[in-house]
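Heads up: the structure comes next, in C-alpha cells.
Atoms considered below: every heavy atom in the structure, side chains included; atoms not considered: hydrogens, waters and symmetry mates. Quick caveat: nothing in here was measured; it's all calculated off a predicted structure. Naming convention: chains lettered A, B, ... in sequence-line order (proteins, then strands); numbering from 1 in each chain.
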Amino acid sequence: MTTTATKDVSAKAGRGSTRTRGLIHWAKGQYPLYILIALLIVAALSTDSFFTARNLTNLILQASVIGIVVLAQFLIVLTGGIDISVGSVVGLAGVMSAMIIGGASVPLAIIVAIAVGVLIGLLNGYFVAFRGLEPFIVTLGMLSLARGLVYTFTEGVPVQPQAENFRAIATATILGFPLIGIIWLVLALAVWFMARRTVFGRRIFAIGSSPEAAYASGVPVKQTLLAVYIIAGAMVGFAGFLLASRVGVGTPTAGTLYELDSIAAVVIGGASLRGGKGSVLGAVFGTLIFGIITNLLVLLNVSTFLQDAFRGGLILVAVVMTTVHFRSGKKKTVLSIP
Amino acid sequence: MTTTATKDVSAKAGRGSTRTRGLIHWAKGQYPLYILIALLIVAALSTDSFFTARNLTNLILQASVIGIVVLAQFLIVLTGGIDISVGSVVGLAGVMSAMIIGGASVPLAIIVAIAVGVLIGLLNGYFVAFRGLEPFIVTLGMLSLARGLVYTFTEGVPVQPQAENFRAIATATILGFPLIGIIWLVLALAVWFMARRTVFGRRIFAIGSSPEAAYASGVPVKQTLLAVYIIAGAMVGFAGFLLASRVGVGTPTAGTLYELDSIAAVVIGGASLRGGKGSVLGAVFGTLIFGIITNLLVLLNVSTFLQDAFRGGLILVAVVMTTVHFRSGKKKTVLSIP
Amino acid sequence: LTGCGSTEGSGATGAGDGAPAVQKEVKELTIGFLQKQLDAPYFNAMKIEAERISKEQGFKLLFQSANGDPVTQLNQAQTMLSQGADALIVNAISPETQKTQLQAIANNIPLIFVDTGIPDVGVTAVTSDNFEIGKLSGELTAKRFTKGKSIDVGILTGGANDEIVGPQRQKGFLDGLTAGGIPYKVVAESPAVWAQDKAVPVAESMLAAHPDVQLIIGLNDAMALGALTVLQDQKNTTTLVAASADGQKEALAKIKEGGCEGQYVSTGLNSPSLATERGMEIAISIATGQKTAKDFDKEEFTKAAGINCDNVDEFYSADNVF
Amino acid sequence: MTTSVPAPASPAVAFSVAGVSKDFPGVRALEDVSLAGYRGEVLAICGANGAGKSTLARLISGQSAPSTGRIKISGYDKEVTSPADADDAGILFMHQEPVIVDEFTVEENLWLKQLSSAGKNRSWRVIPKRRREESLEALRTVGMHEVTLGQLGKTLTPGLRQMLALGRTQVTPHRILILDETTASTTEEHFKDVEALVERERAAGTCVIFVSHRMPEVFAMADRIAILRNGRLIEVLKAKETNREEVVTLMVGEAVRALEAVPTPSFAGIDPVLEVSGLCSGSARDINFTVHPGEIVGIYGLVGSGRSSIARSISGHQNRDSGTVKLYGQEVSPKSPGAALKNGIAYLAEDRRREGFVKDFSNGDNMTLATLGQYSKFGVLNPQQERRRVDELIERYKVKGDGKTLTRSLSGGNQQKVCLAKWIEAKPNLVVLDEPTKGIDIGSRLNIYQIVHELADEQKGVVVVSSEAEELLMICHRILVIRDGELVDEFQSTESNTDDLMRAALGGEL
Ligand SMILES: Nc1ncnc2c1ncn2[C@@H]1O[C@H](COP(=O)(O)OP(=O)(O)OP(=O)(O)O)[C@@H](O)[C@H]1O
Ligand SMILES: Nc1ncnc2c1ncn2[C@@H]1O[C@H](COP(=O)(O)OP(=O)(O)OP(=O)(O)O)[C@@H](O)[C@H]1O
Ligand SMILES: [Mg+2]
Ligand SMILES: [Mg+2]
C-alpha cells in the first residue's frame, strides 16, 4: 500500500533540518485533509447554504455521534480487528438508556448506555483476544444479537424517556458551539493522547503491526486487546446515549449501517484494515468527509435516486486522489506491490 | 487464529500411514461440517417440517443464489481482500438483465448480467491491484455507486422482463433436484478445481498469504488479483441474473446485505480475512449453515423480534465451538497468540 | 431432458382459487402472517393485533417479518407452505418483484394481502387508500395557511426503493393542499427511510438550505416527529410539520398537546389493527370453508380519515400500542 | 549505559535448565536437556540445522513453555512463562528473526522493551521522552552509523534489523543475553562490533548465550561450547580445550571434510552470460562487471554497502536508475521478478521472512511456486508429478521435514534450504544468490556449495552475495568488492585471502 510513501520519506537528505523535513513528511501523508479541503471547495462553489453558521452547526451535530463511533472503530482497526457490531450497540445502548427506570435520570442513562457498551465490548474482546476468533465473525454475531435484543425489548416501538432534560446534552451550546461537538473533540483528543503518548497506545500499534513481535517483546497482547474492545465499547455505548438524546427517544433502528460508515471513515482517514497504521486526525477528517458528503447531497437537493450513486462516485474519486499524488512524487520502485 | 489447528495436524504418527494421517488432519479441520451436522440434528429434533422434500428443495433454492455470491467472495477473501459491493452488483446485474432490450432473451440477459459483473469486477480489481487501494473502501464506493445506478435506472420500480421463459432456469428441476442448486454445486466444483488444481489457484493462495513473497517468487500479483476480481464479478453478475430469474423481475433492492451474509459464510467456513487460508467446501458449508439457521428460525416460528437475537447467538455459539475443540486436544503453546 | 420439472408445480388454476381441500374448525387452522418489517411501530401493531386474534380464536399463527427484503419474504412464504399453513396473510414488500411467485403460492392456498397488496393476485387486498388518506391530511393542513398564497414545502421520503406507498401518500397530500386552495413549491425532498433518528439530520440539512420553508411533510409520523424535534431545537416556531398518513400515538399526542395552534398540524389515519382484523376475518372464513374467494372484492379499503386538533381525541388513547 | 548488574567475584549460576524436553506436533525438538550458564561467561550453543538451538533459547526466554522439565533463573523466584516474565528476570533475547515492528520507527523499535508489561511498566504511563543522543549512541555501539531515527522498521535491510535489535542491549537492563544467530548475515567487520559488545557484557557479569554456525566466531568468543544434536545435548566443551574439527564432528555426527578452493578455469574468448554496465540503482553507483558461463562471481562488501541493490536490480526486484544489463548479449530490463524469471534470471532473496517463502505454504508448495509451469499443462497442475519432485528436492537439500510440513515451522536453516531449492529448481541461466548460506550449518553448507558448483558446471552464470569473505573465497572464481555503492576492487579467489577482501571493503584501513 503505502510502502512507497514511507520509503520516499527517509530520503537522502541526510542530517539536515529535521523539523522542515518532518513537516513535509507530515504534509505528504495528509490525504484525508486534502480530500476534505477539496470537498469544502466544491461545497462553497455549489451552494450558498453550506457556509452558514446554521449549516456548519448542523454538520457538527450530525458528525458528532458517528464521530465518536468512528473513534472507537479506529482503535479496533488499529489492532488489526474490525467491529461491525457498533451500529447495533448504538441502538441497544440508546434504547436501554431511555428505558431503565423509564429514562428518568440523565446521569443514570449515561451510565446505563456506557455499561451496555462495556459489556458488549467485554464479550467481543474476550472472544477475539482469549478465544482467538476472527473479529469479523464475532462482531457479526454481536450485531445480530444486540439488534435482536433491541427489538425484543422495544417490540419495535421507540422508547420515550421521562427525564425532561434528556435532550439537554444534545441541544446545549457553549459559546454558540454545540456541546455534543465539544464532547466529540475532547474524546478525539483523549484517544489521540492514549494512542500516541501512553504505553498502552504504543502497544496497540505494536499489536496491530505485528502481533508476534509484540508478544515476543513482552506486550500483554490478550489483555491489551480486551481493554481496547472494552474502551471502544464504552465509547460506542456513550454514542448510543447521545443519539437517543439528540433524537429525544430511544429508536430501535438507531445506528443501522454505522458499521459500514464508521469503517469507511476510518479507512478514508488513512488507517489500514491490516492494523498498526492510522491517525486519530485522519479518523476525524474521515468522519467529516462523509458528514459533508451527506450534508451536501441534501443541500443540493440531489434526487433521491441519484444520492447513492453520487456518494459512491465521490468515495471512489476521493480514494483515487490519494494514489494520483503518489505517482507524481517519484518513480515507483518495482517493489511496492499491493 | 487457526494457527493451532494447522499445527496440531502433522500429528505424532511420524512417517507412518500418510493416508490415515491425512484423513485425521482433514477431519480435524472440518469445523464447518460439524456445525452443519449439529444444526441438522437440532433441526431434525425440533421440527417435523424440516426434513420434508419440499422444505429441502426450498433450502437449496434459497441457498443457491447467495451460495454463488459466497463462492465469489471466497476467492476475494483468499487474496486477502474483501468485496462489499457484491450485494449491489447482484441488484444491478439483475435489473440490467431484465431491462436491456426489455429482457426479451434469456441468453442475452445472462450475458448482460455477467458483463455487468465483469465490468464492476474490472474496476474493483484495477483499483485494488494497480492502484494499491484498500479493497474495503473501493468496494464500499462501488456498493453505493452500483446501488445508486440501479435506483436511477429503475426509479425504484422493479423491471419486468418480457421473455416468457425468464424464470425457467430458476424453476426447472432435474430428477427432482432444482437446476439452480445444480448450477451452484457445479460452480463450487469449478472454483474448487481452480483454487486447488491450477497454477492460478496456487498463486491466489500465495498472494493472500504473503504478497511480497509471492511477488518475489515471480507471481504476477497485480494481474492475478485483477483476474480474481473479474472472475468473482462474473459470478456475482450471474447470481444477479439467477435471483431475477427466481423472482421473475429485476428488483432494485435485490441483494441488499449480501455483502455481510457472504463474508460471514466465508468466515464461518474457515477462511481467514487475512487471506491465504480457506476451503471451498467450507464456503459451501458456511452458506448452508446460514441458510439452515434462517430456515429453522422460520420453521420454528421463533418470534420475529427474537430471530435476530437467535441468529446472533447461534453464530457466536458456532464459532466458539471451533475453539472448544482445540483446547480439549492439548495444551496450547504459549506462542499461539491471536 | 428426462426428469426435468419445475419447483413450482403446474397447478395454474387461476388467481385466488387455491381453496382448501377439506373443511376445518377454526381451532385446527394454521394461518401464516408475513409482515414486511418490524422496525416501525405501525408494523408491530399489526403483529400484536394478529396475535390477539389468534389467541382469542385458538388457531395457530405463524408470524414472520422479512426486514424489508422481498426475496426473504418469498422464502418465508415457501417455508410456511411446507409447514402446512391453511391461509397466508401477506403485507407485500415489492408488488412487482413478488407478483409471479406469490401468484404461484396463491394457486395453492388462499392468500390475503393487508396494507400493501398486489393487483390481481390472491383473494383480496385489505389496504388503506394511501392516496386518499394523504389527501385528507393535506386538506387539514391546508387550513392552516392563507388561501392562495404559495408555500414552500420540504418532504421527508421513505427512500429510493419505495414503490407505491410513499409516492401515493406524497401525491395525495400535495393534492390535498391544492384542493385546500394552497399553491405549493417543493423545494426539498430527501430520504429519511421512515425512521425518526434518520429524519433528524436530514431535516437539519434541509432547514439549512431552505430556512424559510413553511411546511415539512413526513410521509409517516416517525419522520415528521424527527423534523419537529429539529424545529424545536432551533427555536423555530413558524415552520409547520405534518405527516401524510400514519396515526402513531406519539404524533397524536403532539397534535393534542399543541392544539389548533400547534406545530404538528395533521396526520392521516392508517389503522394497522383495522386492516389486520379484516384480513384475519377473511382468511379464517375461507380456510374454514365458510366462504370462497369469490365472495370478496378484489380490493377492500380500510377507513380513511385525516386527523388534526379537532378530531384527535377520537383516535388518541394513551394505552394504544400504536 | 549498559545497565548490567556488577559481576560477582566467583562464577555464579545465571540459569539452569533441568531435564527439559519440548514437543511439537510430530517433532521432538528437545529431549532431556540439562545445562547451566554462569555469570560473566559466554556459552556457545552449536548444532546442525534443526538441532533445537533456537528452541532452547526460546524456552529459556519464556517465549514458549517446555513440555517437561524446569528452567530456573537465578535471582528470579517464579517460573518464566512469558516474555514479560523474562524481562522481569533480566533475560534479553535476540531472536534468529529479529523482532522488529515494521510500522515503528528505528527509535521506537530500539526502545521496544518499554512496552513490555514487566516491572514498573504500567499501561497508562506516559511514554518517557527519549533522548535522541542516547538512542544514536546505542545504535553507534552496534555499528549503525548511517540510520535516521525516524526511519520505519520495514525499510531496514535484514542486516540492519539484526543490528537494531542488538542495539537494545544498550538500553535494556539485563543479566542474561541470548544471541540467536545474530551474526548470521553480518560481515567480519561488523562482527568486531559484536565481539566488543559481548566482551563488555562479559565484563559486566552478564551470562551470554551465543548461537552461531560460524566456527571462527564461536572460537573467538566462547568460554564453553554446548553441542546439540537432534534435540539432545551431546557434550559441553571448554573452548580452550577443543578445536573446530572436534566440535563439527560432534555436531554433525561424522567428520566433515574440508572443501578446497576451486581452480579458476579460463573464460577468455567465451561470450559472457551477464554484462552489467553503468548500473545505478538504490545505493549502487556505476557498476560494471561480467559473468561468464560456468563462472561463479562473488560480491563482497560491508553491511549496507549496496550489494543487494546490485543483485536486486539485475533480477527485476528493484528499478534501475540507469545502466544496462545484457543477458547473452541481449539487453534485458525485467520490470518484475516474474519477468526476470522468464528471462532466465533467478534471485534468492536475502530477507527470508518477508520474501523468502509464503507463510501458510507447505515446503512442497513453496519449493514449486516459482516453477509451477513444470508441473502443469494448460495451467492445470499435476499433483503426483509435483509431489514426486518435491520429495526428491527434500532429499537432495536435506530438509528436515516432509513436503507437507509448513515451512514456517522449520528451523531457520531448513527454511533457507527450501528457498534455495525453489530457485535452483527454476533452472535459470543466471542465478543470483543473496546470502545463500545464511543460518545454514556446516554440514549442509558443503552440500549447498556443491549445488552451486553443479550449476556452474552446467554453464550457468552464478552471482553470490555474501558477508563471509571466507565463504566467497571458497566457492567463487572471482570476487567483486563494493564500498559505498561503488565497485572498488576485484580479486581472483585463488590469489587472495580474507584480509585482502576486508581491506578493500573498508577502504584501505585495517
Ligand atoms: N512452532 C513449531 N512447530 C513445529 N515444529 C517446530 C516449531 N518450532 C521448531 N520446530 C521444530 O523443532 C526443531 C528444532 O528447531 P530449532 O529452530 O530449535 O532449530 P535450530 O537448532 O535453531 O536450527 P537452525 O540452525 O536451522 O536455526 C526443528 O525440527 C523444527 O522443525
Ligand atoms: N531504492 C533505494 N533508494 C534509496 N536507498 C536504498 C534503496 N534501496 C536500498 N537503499 C539503501 O541502500 C543501502 C544499501 O542497501 P543494500 O541492501 O543494497 O546493502 P547490502 O550491502 O546488501 O546490506 P545488507 O548487508 O544489510 O543486506 C541501505 O541502507 C538501503 O536502505
Ligand atoms: Mg535456529
Ligand atoms: Mg544485502
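Applying the side chain to side chain donor-acceptor pair (under 3.5 Å) test to residues at least two apart or on different chains, none of the pairs has a partner in residues 188-198 of chain A.
A pairwise comparison of heavy atoms in A:A213 and D:I100 identifies CB-O, 4.2 Å as the closest pair. Taking each heavy atom of A:V199 and D:Q114 in turn, the nearest pair found is CG1-O, 4.0 Å.
The contact between D:D87 and chain A is made entirely by side chain atoms (from C-beta outward), counting heavy-atom distances below 4.5 Å. Contact of D:E108 with chain A is made through the side chain alone, with heavy-atom distances under 4.5 Å.
Considering only heavy atoms from C-beta on, A:S209 comes within 4.5 Å of D:D102 through its side chain. Residues D:V126 and A:F193 have side chains in contact (heavy-atom distance under 4.5 Å, counting atoms from C-beta outward).
Contact count against chain D (heavy-atom pairs under 4.5 Å) is highest for A:P220 among A:S210, A:A214, A:P220. The choice from D:G153, D:A118, D:P128, D:S117 that makes the most heavy-atom pairs within less than 4.5 Å of chain A is D:S117.
Atoms OG and CZ, on A:S217 and D:F104 in that order, are 9.0 Å from each other to the nearest 0.5 Å. Separating the CZ atom in A:R203 from the OG atom in D:S116 is a distance of 7.0 Å, to the nearest 0.5 Å.
Side-chain atoms of D:Q63 come within 3.5 Å of backbone N or O of A:A216 as a donor-acceptor pair.
For the pair D:R125 and A:F200, the cation-pi test (distance below 6.0 Å, angle within 45°) is failed.
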